[in-house]
There are 2 protein chains.
Amino acid sequence: MCIAGGRVEDLTATKAPHITSQSSDRTMVRRVMTHDHLFYQGDERDFIYVVQSGWVKLYRTLIDGQRQVVGFANPGSILGLESDGEHTSGCEAITAATVRAIPVSRLAEVCRQDAAFAEHILRQIGRQLGAAQAQLATVGAQSADQKLATFLLSIADLCNVSPAGDFDLPMRRGDMAEFLGLRLETISRKMSDFQRRGWITMTSLYHCRLVRREVLEDLAAGGDLEDATMLRVS
Amino acid sequence: MCIAGGRVEDLTATKAPHITSQSSDRTMVRRVMTHDHLFYQGDERDFIYVVQSGWVKLYRTLIDGQRQVVGFANPGSILGLESDGEHTSGCEAITAATVRAIPVSRLAEVCRQDAAFAEHILRQIGRQLGAAQAQLATVGAQSADQKLATFLLSIADLCNVSPAGDFDLPMRRGDMAEFLGLRLETISRKMSDFQRRGWITMTSLYHCRLVRREVLEDLAAGGDLEDATMLRVS
DNA sequence: CGCGCGGTTGATCAACCTCAACCCGCGTGG
DNA sequence: CCACGCGGGTTGAGGTTGATCAACCGCGCG
């Protein structure tokens, strides 16, 4: 697995081939495949990105190799606002994805000229801060079962759960574990538990059905008073 | 202890007597005593606040009574940007403090007119997002000892640690515990451990000296690649 | 076919929680 | 003055949750 830092050359190497369009306003659309990186922790922060399709994860790597996923982002999310100078997290696509890249050099200028855009960005980042705080409450104050219940409900909402309760689970077990501050074995066990108890059914590894949503809601409700959304489209 | 929500009347009741000055730009300075609330989780978000002196904590309360401190704020921090509508966290002073209150109704207008201010706010909230993500990594991926080491070093920096290594610890054990996702007994034990090992000395309950900073740094370095600052003055 | 990746499951263990006792300093009221 | 209660902190004994380590499965692919 890749430790962040010193990967600028790789990034630029992979970046160029993926530029698919460059519009007149000097922003460009970038296309990434599953497990491609948009940027690494420690990279120069020369762009911010607006997710247009697909899912990406934001994660930090600690010196001892431990990782923490600090957020998942779906279309509408804006990435790269949390730092100036260098990226404090790495960003990896968990599905194929497209993003619009905006040079940070243009950012201040745009904010100055386009107040509505500035307000939109402010709202987006505020939302992300709220989501990070909600996640902090989940990771810091909930049990493994509560964490998983909270997580499944959030993802279900974000993924437009069908009336029958079906939804996609775009990330791997390890990503969920690193997001919730658990080990992947624990995720696996708890998912099996939930299934055994008849609360969910896994129709495939990455597709889930909520059978008894109320139970999960009760569990998660030993959760936050607010809804624990994650980085969500505004 | 107070569960958030439905406390608007109390808030307004305590607010009025504390207004000490109202300047021409319709902002006002509010003075709060230790353990006073600036606002409760669920309150209408009618002001944002800029901390001018003292320390406050931001925390969320879960339905089952568990609490998570999502941040400490010292002078320079801006509060209330993480939500629109209602406050998603409560805010309680941990020392006597003064804040400047800015009506949210004025916020959009100000951002539209004063681009520099808008940029400053954007930088502040970005910093807070970064801090929240760093905290997420600490809470989700570190052991109790690592968490405490990380925390002590952060606070030491924020509190202008003296050359000798002395600094104030403005919050109680329970606040530290709720911030780090631990129990206060665990905090107490680990602090005793650290002292026994000669890494720190507690000159009083709320005053600490770093004796072997390097050791704490090594410990925390099983920590984040970035410095795990918390809500910090820009 | 063999290998690697992602996931599941089992057995064991330790970190941290829980509950309880106890200490200390302080304010209050008899 | 002392007794008392209370808030905040420390310490101890014992229990549980989730981590760790390891085996194993299924699948896709070279």
Side-chain angles (χ1 to χ4, degrees), chain A residues 1-2 33-35 57 62 64-69 92 94-95 138-151 169-197 200-208 219 222, chain B residues 1-2 33-35 57 62 64-69 92 94-95 138-149 151 168-197 200-208 219 222:
Chain A
M1 217 39 237
C2 163
M33 305 302 295
T34 306
H35 302 147
K57 69 173 180 188
L62 314 187
D64 56 4
Q66 290 273 81
R67 273 180 303 167
Q68 176 70 35
V69 172
E92 180 186 321
I94 57 179
T95 67
T138 297
V139 171
Q142 296 200 146
S143 69
D145 310 76
Q146 293 176 321
K147 287 179 184 180
L148 185 56
T150 303
F151 177 76
L169 214 47
M171 66 288 297
R172 292 171 280 164
R173 301 289 183 265
D175 294 324
M176 297 166 51
E178 285 173 1
F179 186 53
L180 296 172
L182 298 170
R183 299 286 129 177
L184 61 89
E185 294 97 323
T186 305
I187 298 287
S188 189
R189 274 182 240 280
K190 295 298 179 186
M191 298 265 288
S192 300
D193 273 10
F194 282 21
Q195 244 188 125
R196 213 165 299 129
R197 292 168 201 264
I200 62 173
T201 55
M202 298 301 300
T203 58
S204 88
L205 257 183
Y206 298 103
H207 194 249
C208 180
L219 245 188
Chain B
M1 213 43 233
C2 164
M33 306 300 297
T34 306
H35 302 146
K57 68 173 181 188
L62 315 187
D64 56 4
Q66 291 273 80
R67 272 179 304 168
Q68 177 71 33
V69 172
E92 179 186 320
I94 57 179
T95 68
T138 298
V139 171
Q142 297 200 144
S143 70
D145 310 76
Q146 293 176 320
K147 287 179 185 181
L148 186 56
F151 177 75
D168 289 325
L169 213 46
M171 67 288 295
R172 292 172 279 167
R173 301 290 183 266
D175 294 324
M176 297 165 52
E178 286 172 1
F179 186 52
L180 296 173
L182 298 169
R183 299 284 130 177
L184 62 89
E185 294 98 323
T186 305
I187 298 288
S188 188
R189 275 182 239 280
K190 295 299 179 187
M191 297 265 288
S192 299
D193 273 9
F194 281 21
Q195 244 187 126
R196 226 178 324 259
R197 292 166 200 265
I200 61 172
T201 55
M202 298 300 301
T203 57
S204 86
L205 257 183
Y206 298 102
H207 194 249
C208 180
L219 246 188

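Here is how names work: the chains are called A, B, and so on, in the same order as the sequence lines, proteins then strands, and each is numbered from 1. Bear in mind that the values here come from a model prediction, so they are computed numbers and not experimental data.
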Show me the donor-acceptor pairs within less than 3.5 Å that the side chains of residues 179-192 of chain B make with the rest of the protein, sequence neighbours left out.
unit_1 : atom_1 : unit_2 : atom_2 : d
B:R183 : NH2    : B:Q66  : OE1    : 3.1
B:S192 : OG     : B:S188 : O      : 3.0

Neighbours of DNA chain C within residues 186-196 of chain A, by heavy-atom distance under 4.0 Å: A:S188, A:R189, A:S192
Check the phosphate of D:dT10 against B:R173, side-chain N and O only, distance under 4.0 Å to OP1 or OP2. Yes or no? yes
Tell me every residue that passes side chain to side chain donor-acceptor pair (under 3.5 Å) with A:S204, counting only those two or more places apart in sequence or in another chain. none
Which two nucleotides bound the region of DNA chain C that has atoms under 4.0 Å from heavy atoms of chain A, read 5' to 3'? C:dG6 to C:dA11
Identify whether any heavy atom of A:L184 sits under 4.0 Å from a base atom; if not, whether one sits that close to sugar-phosphate; answer base, sugar-phosphate or nothing. base
For A:Y206 and D:dC27, what is the distance between atoms OH and C1' respectively, to the nearest whole Å? 12 Å
B:Q195-B:T201 side chain donor-acceptor pair, cut-off 3.5 Å: no
Can you name the residues that form a side chain to side chain contact (heavy atoms under 4.5 Å, CB included) with B:T34, not counting sequence neighbours? none
When rounded to whole Å, the CZ to C1' distance for the pair B:R172 and D:dG9 reads 12 Å
In chain order, what residues pass the side chain to side chain donor-acceptor pair (under 3.5 Å) check against B:E178, with sequence neighbours excluded? B:R67
Would you mind reading off the distance between B:M176 atom CE and D:dG8 atom P, rounded to a whole angstrom? 15 Å
Please name all residues satisfying salt bridge (Lys or Arg N to Asp or Glu O under 4.0 Å) with B:D175, sequence neighbours left out, ordered by chain then number. B:K57, B:R172
Would a distance-only check, ignoring hydrogens and angles, find a side-chain to backbone donor-acceptor pair under 3.5 Å from B:Q146 to B:S143? yes
Which distance, rounded to the nearest 0.5 Å, do you find between the NE2 of A:H35 and the CD1 of A:I94? 8.0 Å
